[in-house]
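Here the structure comes first, spelled out in structure tokens, and everything after it is commentary.
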Amino acid sequence: MKLFVDADACPVKDEVYRVARRYELKVLLVSNASLFIPISEMIEMVVVKGTFDAADNWIVENISSEDIAVTSDIPLAERCLAKGAKVLGPKGYAWTEENIGEAMGSRALMDMLRQSGMITGGPSPFGKPDRSRFLSKLDEMIQANRRGQNRPRSS
């Protein structure tokens with residue numbers, strides 16, 4: 001199991017590092033530009049040059065059903081779910097097959113309203129409760145993944 005982080009604007013990188021150290025998991029921070037990361041064999045910075053979606057495309061090409069993606073990008077979340085991965089937003093919201101369709105529809109509607117000038121604000125500010133919820137949900141996802149990987153596979 002690896003943790004893939006859509007790192008460009010991720011506010012919970014430090015939290016990901018802490019949890020990954022506790023569980024001894026590999027973290028892949030994927031970005032269009034190099035970022036400062038702690039020195040660790042378990043943390044790798046992946047810089048992807050090219051198109052606007054190059055980092056997203058790299059994540060989707062490399063993620064597997066045993067992995068967890070951390071992203072606030074709803075289209076990327078949908079693509080990772082299609083690969084069987086678990087997906088968690090920085091505010092601790094888990095994206096699933098059951099809720100991603102509605103999120104994609106809401107995103108399209110909000111984009112249309114923003115373009116028409118009817119809505120000018122963005123998402124609510126990131127705060128301590130969000131950070132706490134993220135840590136709790138990431139821990140829960142990792143444990144669930146580990147339990148699932150230890151189950152015998154049916155044929």
Side-chain angles (χ1 to χ4, degrees), residues 1-101 103-104 106-108 110-111 114 121-151:
M1 178 186 345
K2 294 185 263 321
L3 302 176
F4 286 75
V5 179
D6 182 12
D8 284 319
C10 181
V12 290
K13 290 188 278 292
D14 289 337
E15 288 76 8
V16 170
Y17 304 149
R18 272 199 327 245
V19 173
R21 263 193 301 273
R22 184 172 352 128
Y23 287 102
E24 298 180 350
L25 296 175
K26 176 86 171 171
V27 176
L28 297 151
L29 291 135
V30 186
S31 176
N32 293 319
S34 188
L35 304 170
F36 173 79
I37 63 169
I39 297 171
S40 169
E41 291 179 6
M42 300 303 290
I43 302 171
E44 181 180 336
M45 180 75 229
V46 178
V47 178
V48 184
K49 300 286 185 189
T51 65
F52 176 72
D53 286 336
D56 294 358
N57 293 339
W58 190 93
I59 290 171
V60 172
E61 289 168 11
N62 290 279
I63 202 163
S64 76
S65 61
E66 291 114 28
D67 300 325
I68 298 172
V70 176
T71 185
S72 58
D73 183 321
I74 296 169
L76 174 58
E78 181 182 51
R79 293 172 67 197
C80 291
L81 287 169
K83 296 275 306 252
K86 289 191 174 36
V87 185
L88 183 61
K91 290 187 174 187
Y93 187 75
W95 299 109
T96 65
E97 293 291 334
E98 291 76 31
N99 66 23
I100 196 68
M104 288 292 289
S106 293
R107 178 185 179 274
M110 295 303 284
D111 188 45
R114 273 191 293 278
S124 60
F126 186 83
K128 270 186 158 182
D130 299 315
R131 198 172 303 280
S132 177
R133 191 172 39 255
F134 174 81
L135 281 165
S136 175
K137 193 65 178 178
L138 181 57
D139 193 69
E140 182 183 311
M141 279 183 157
I142 290 169
Q143 290 182 32
N145 250 18
R146 286 195 165 169
R147 282 191 304 271
Q149 289 175 2
N150 292 333
R151 279 191 217 128

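In what follows, every heavy atom counts, from backbone to side chain, and hydrogens, waters and symmetry copies are set aside.
Each of Leu3, Val46, Val5 was scored for a side chain to side chain contact (heavy atoms under 4.5 Å, CB included) with Leu29, with one residue passing: Val5.
Applying the side chain to side chain donor-acceptor pair (under 3.5 Å) rule to Ser40 yields no partners; only residues at least two apart in sequence or on another chain are considered. By the salt bridge (charged side-chain N to carboxylate O under 4.0 Å, His left out) test, Asp139 pairs with Arg22, sequence neighbours left out. Applying the side chain to side chain donor-acceptor pair (under 3.5 Å) test to Ser31 and every residue at least two apart in sequence or in another chain returns Asp8. For the side chain to side chain donor-acceptor pair (under 3.5 Å) test, residues two or more places apart in sequence or in another chain that qualify with Lys26 are Glu44. Residues passing the side-chain contact (heavy atoms from CB on, under 4.5 Å) test with Lys137 are Leu88, Ala94, Glu140, sequence neighbours excluded. Listed by chain and number, the residues in a side-chain contact (heavy atoms from CB on, under 4.5 Å) with Ala55 are Val30, Asn32 (sequence neighbours excluded).
Judged purely by atom type and a 3.5 angstrom limit, Asp67 uses its side chain to pair as donor or acceptor with the backbone of Lys2.
Residues Met1 and Ile142 approach most closely at CE-O, 3.7 Å, considering heavy atoms. The two atoms that bring Pro90 and Phe134 nearest to each other are O-CB, 3.3 Å, heavy atoms only.
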### Message
Pair Thr71, Cys80 - check side chain to side chain contact (heavy atoms under 4.5 Å, CB included), show working.
### Response
CA-CA 10 Å; Thr71 185; Cys80 291; 5.8 Å; no
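Taking CD1 of Ile74 as the reference point, atom CG of Leu81 lies at 11.5 Å (rounded to 0.5 Å).
No side-chain heavy atom of Met42 sits under 4.5 Å from any side-chain heavy atom of Tyr17. The closest side-chain heavy-atom distance from Leu76 to Ile59 is below 4.5 Å. Between Arg146 and Leu25 the shortest side-chain heavy-atom distance falls below 4.5 Å.
Screening residues 125-136 for side chain to side chain donor-acceptor pair (under 3.5 Å) gives Glu15-Arg131, Asp130-Arg133 as the qualifying pairs, with residues at least two apart or on separate chains. Contacts classified as side chain to side chain donor-acceptor pair (under 3.5 Å) and involving residues 46-59 (residues at least two apart or in different chains) are given here: Asn57-Arg79.
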